[in-house]
Amino acid sequence: MIKFENPVIKQLLDEYKPLYGLDHALSIMGWDLWTYMPRGGTESRGQATSQILLVYRRFFLEDKFKSLVLKAKEIEGLNDFEKGVVRSLNRELKIMDLPSELLEREAMAKTKALTAWESARKKSDFKMFSPHLDSIIEIEREKAEKLGYEEHPYNALIDRYEEGMNVKKLDGVFSTLVPKLKKILDGLEKNSPFEHESELDSAGYDKERMKIVNEELLKTMGFDFNKFRMDVSAHPFTIMVGPGDVRITTKYEGGGFKRSIFPTIHEAGHATYNLAIDPTLGGTPIFSGASLGIHESQSRFFENMIGRSKEFTQLIMPILKGNLGLQGYDENDIYYYFNNVKRGFIRMEADELTYNFHIALRYDLEKSIMEGKVNTNELPELWNSKMEEYLGISPKSDSEGILQDVHWTSGFGYFPTYALGNIVSGIVLYWARKEIKDFGMLIGSGKLQPIKEWLMAKIHRFGGTYSPSELLKRSFNEDYNPEYLISYLEEKYLGDVGHGNRV
Ligand code: MG
């Protein structure tokens, strides 16, 4: 039972209500911007959004609210939920407390960088983007100094997205993950069915039919459409407006149907998390996920561990055949189509096995950038040589190399959370198999409810009550240990034989 009893916390939550309201409005404005609004209104939407953000910040920093946030930090004997509220607001205060001048400069630099990135990418010319990246680097370094850090300036930025994470821990994670994944990738036999590229990847589909497929998938996953909806956008996303209002988007490219169903299942995984947070946390600052990494673990768990499994493929075959035809293809063909492994340049198109190399590469580069060890004009070359080192391929142009992602226009520290999400999904799978009776059979028969209930009890219901590492410790007695993910991938791609380092 969730109770907020401490009088200071109760007052703090009462004062927080307008901020929650603003946050709610910003969510809807964002959703509208990325889905349906007329493109002609984007500039004025940008102005309105930044004004609301200013109001938000002004309110947060008002003496009355700020002093309550600081006062709450000193209280002893709080319950876990109350502690969560205090932790979360004090983390937010650190960001709000950055000088306005820096925040304005940042917003300006990032907007300009985004436009520059779009044209640079079109022309595949990094030089058009590099002066903008330079300003972002300068701002990010300045921000790290202001936020404060121990040991490494990059730590200040990483911690914003994954509380408690740092360079030392990430170095440990990647130095285990990368060589072991390389071994799996190199271990795929010649003519492995996983490396066989399916004709389905370029086959077209009827969009209306594909929509039905996605809707059927969501029904299979047990969504209550009274609290949930799905729309379309260029880059699929999930947004939580409040308890009882969670929205996802998917995309229809017209070909290669897995490129529509896996984004759908991925975002549906995020939505499952959001919908299972205890609704009594609604209106508080901990009505959220524990971190980006933990959130991503849930989308990856549904996308990869459930969605790309043999059992799930079998389950959805009738939906696929009924709507997409697929004459001449059996479950096995579809399973290998879903799990095709390819050493490719583009992160967004990467499969489960090669994906983490793309993140390791970006992590290496961001770390060197924050250390001041590398000049911006050396980055494309560095990118390409890392790609060669990790995947044995070398991009022929900037657009399939360093210019492919938009993320650097919004700063550094975000990418590692993608790999952390994969790592945590491995931990979750291990315990799900251990603790949920007939885990595979439940998937095969479309009975996902017991799995969702287990996830809710272990992770979802707490929202942002615990820091991500506290949550991992509490629910799985683990840290971000990559061995679970490695074992799962080994078993999947190399078969269940002769691995000494099982966890
Ligand atoms: Mg995601």
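Whatever order the structure lists ligands and atoms in, that order sets their numbers, starting from 1. In this text the structure is predicted, and so the values were computed from the model without any measurement.
Protein-derived N/O/S atoms nearer than 2.8 Å to the Mg ion (ligand 1) total 3, waters excluded.
A distance-only check finds no donor-acceptor pair linking the side chain of Thr238 to the backbone of His270 [under 3.5 Å]. Of the possible polar contacts, none joining the Ser475 side chain to the Leu472 backbone as a donor-acceptor pair under 3.5 Å is found.
Remark: Asp364 pairs with Lys386 by the salt bridge (charged side-chain N to carboxylate O under 4.0 Å, His left out) rule, at least two apart or across chains. Not a single salt bridge (charged side-chain N to carboxylate O under 4.0 Å, His left out) links Lys183 to another residue, sequence neighbours left out. Every salt bridge (charged side-chain N to carboxylate O under 4.0 Å, His left out) that Asp405 has, sequence neighbours left out, goes to Arg347, Arg362.
Taking the six-membered ring where the residue is Trp, the centroids of Tyr36 and Trp31 are separated by under 6.0 Å.
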